[in-house]
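Quick notes on the structure that follows.
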Amino acid sequence: MPPRPLRDLPQRAGFGLKSEHYADVLAAAERGALPAWAEVHPQNYFGSGGPPHRWLTAIAEHVPLSFHSVGLSLGSAAGADTGDLESLATLCDRYEPAMVSDHLSWSNGPDDKFPDLLPIPYSDAALDHFVREVGRVQDRLGRSMLIENPSRYLAYAGDDWEEVDFLHQLCRGAGCGLLLDINNVEVSAFNLGLDPAPWLDRFDPALVGEVHVAGHSCKADDLGGTIAIDDHGSAVSNSCWDLLETFLRRAGPKPVLVEWDSDVPDFAVLMAEVAKADALLARELVDV
């Protein structure tokens, strides 16, 4: 089955749905105060029933969903995880999300699943592999998907491609789109000693179907330096907001997600971050 075209999310700010906030989300919906869309990690809903599905079904009546997968392991030598793909397809049939995405990474070995999104080399062989595996996933889901740029802590020697060129070529080859994570650009640039602004400026806005912003932390590494950690455990940094504003000025409004996945705050704190993103988007909508 050929993939359906990318289905648009609202060009507004969205929030990452956490179980700690289920009741708060429905209460906000009753007040007409819920953000425009919500993102969920579909692996949290691979069970066939129970309370998670009761909550998600109720919330999905109020907002469109974006499924941000963390388990397909597209870059593994064996290809996308078949079990995860089938479960994801079943969940997509059940909820009809507005968007589906995963990562430019791998997390499965022959006998293990790792709790990390591990880096791939930007080689011709890796590009061919990703084009094939993204195409396989899209064929199974019957829709196009987005692939997220990674947070990087090191770079492989001898890469054939720069990261942005690799992602653009992947989109052309597989017919997918990009999930642009601006926090990941900032983290990668810090760790690799690069300037995030020109790096971000190279992304083609026409390929970007969703944007992420998040907080990160910095800590001392074993060599006496400092490393940025993409932990999604704090408010979005001022520098990340500045990069988002710069990108939106060039690209126009896009669906923007505020990610906060660890040290999850009170719902009101998360909503204040979402409101900042919406304020930037409203400014760009006025300027369009």
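Quick caveat, the model's predicted, so the values are computed rather than measured. Residue indices begin at 1 and follow the sequence shown.
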| Single-linkage hydrophobic cluster Val70~Leu91, side-chain heavy atoms < 4.5 angstrom | no
| query | side-chain hydrogen bond (donor to acceptor under 3.5 Å, both in side chains) between Glu148 and His68: does it pass, once the steps are laid out? | reply | CA-CA 9 Å; Glu148 179 180 337; His68 189 44; 2.9 Å; yes
| field | Pair Glu162-Trp199, side-chain contact (heavy atoms from CB on, under 4.5 Å): steps then yes or no | value | CA-CA 10 Å; Glu162 296 289 336; Trp199 189 345; over 6 Å; no
| query | Can you tell me how far the OG1 atom of Thr246 sits from the CG atom of Asp201, to the nearest 0.5 Å? | reply | 9.0 Å
| message | Regarding Ser66 and Glu210, do their side chains bring together a donor and an acceptor under 3.5 Å, going by distance alone? | response | yes
| Flag side-chain contact, heavy atom, 4.5 Å: Ser69 against Phe67 | no
| said: For residues Leu281 and Val208: do they belong to one hydrophobic cluster (side chain heavy atoms under 4.5 Å, members Ile, Leu, Val, Met, Phe, Trp, Tyr)? | reply: yes
| Nearest-0.5 Å distance that lies between atom OG in Ser105 and atom CD1 in Ile147 | 8.5 Å
| message | Under the rule for salt bridge (Lys or Arg N to Asp or Glu O under 4.0 Å), what residues qualify as partners of Glu163, not counting sequence neighbours? | response | Arg152
| message | Using 0.5 Å steps for rounding, measure from the CG atom of Leu17 to the CG atom of Asn44. | response | 9.0 Å
| query | At their closest point, which heavy atom of Cys240 faces which heavy atom of Ala214, and how far apart are they? | reply | SG-O, 4.1 Å
| message | Side-chain heavy atoms nearer than 4.5 Å, only ILVMFWY residues, links allowed to pass through others: does that put Leu56 and Phe267 together? | response | yes
| query | Rounded to the nearest 0.5 Å, how far apart are CD1 of Ile59 and CG of Leu34? | reply | 8.0 Å
| Does the pair Ser262 and His232 meet the rule for a side-chain hydrogen bond (donor to acceptor under 3.5 Å, both in side chains), with working shown? | CA-CA 6 Å; Ser262 61; His232 300 178; over 6 Å; no
| query | Do the side chains of Val256 and Val187 join up, straight or via other hydrophobic residues, at under 4.5 Å, putting them in one cluster? | reply | no
| remark: Rounded to the nearest 0.5 angstrom, the CG-CD distance for Asp181 and Glu259 is 5.5 Å
| Is there a side-chain contact between Leu170 and Val131 (heavy atoms, below 4.5 Å)? | yes
| message | Can you confirm whether Asn149 sits close enough to Phe203 that some side-chain heavy atom of one is under 4.5 Å from a side-chain heavy atom of the other? | response | yes
| query | Given side chains that start at C-beta, do those of Leu85 and Leu72 come closer than 4.5 Å, heavy atoms only? | reply | yes
| query | What residues, two or more places apart in sequence or in another chain, satisfy ring pair (Phe, Tyr, Trp, His ring centres under 6.0 Å) together with Tyr122? | reply | Phe166
| Greater than 12 external heavy atoms within 6.0 Å of Asn238's CG | no
| message | With a 4.5 Å cut-off on side-chain heavy atoms, are Phe190 and Thr226 touching? | response | yes
| query | For Asn184, which of Leu104, Val213, Asp230 qualifies under side-chain contact (heavy atoms from CB on, under 4.5 Å)? | reply | Asp230
| query | Is any side-chain heavy atom of Cys171 less than 4.5 Å from a side-chain heavy atom of Cys176? | reply | yes
| field | Distance-minimising heavy-atom pair for Pro35 and Ala13 | value | CB-O, 3.8 Å
| Heavy-atom closest contact (Phe15 atom, Leu257 atom, distance) | C-CD1, 3.3 Å
| note | dist Met145:CE -> Arg140:CZ (nearest 0.5 Å) comes out at 13.5 Å
| request: Output, in order, the C-alpha distance, side-chain angles, deciding distance and verdict of side-chain contact (heavy atoms from CB on, under 4.5 Å) for Gln43 and Leu88. | output: CA-CA 8 Å; Gln43 281 75 14; Leu88 179 60; 6.0 Å; no
| message | With heavy-atom distances below 4.5 Å as the criterion, would you say the side chains of Lys254 and Phe247 are in contact? | response | yes
| task | Evaluate side-chain contact (heavy atoms from CB on, under 4.5 Å) for Met99 paired with Glu39, printing each intermediate quantity in order. | result | CA-CA 9 Å; Met99 193 66 70; Glu39 184 182 85; over 6 Å; no
| Do His21 and Met271 come within less than 4.5 Å of each other through their side chains, counting heavy atoms only? | no
| Least distance between heavy atoms, Gln11 atom then Pro253 atom | NE2-O, 3.4 Å
| query | Looking just at side-chain N and O atoms, do Arg94 and Ser48 make a donor-acceptor pair shorter than 3.5 Å? | reply | no
| Within one Ile-Leu-Val-Met-Phe-Trp-Tyr cluster: Leu26 and Tyr45, side-chain cutoff 4.5 Å | yes
| request: Can you see which heavy atom on Ala80 is nearest to which on Val137, and at what distance? | output: CB-CG2, 4.0 Å
| task | Go through the steps to decide whether Lys219 and Ile227 satisfy the test side-chain contact (heavy atoms from CB on, under 4.5 Å), and finish with yes or no. | result | CA-CA 6 Å; Lys219 69 174 187 178; Ile227 188 170; 3.9 Å; yes
| note | Note: Asp24 and Glu20 closest approach over all heavy atoms is OD2-O, 4.0 Å
| said: Applying salt bridge (Lys or Arg N to Asp or Glu O under 4.0 Å) as the test, list every pair that has at least one member in residues 269-278; sequence neighbours left out. | reply: Arg12-Asp278, Glu273-Lys276
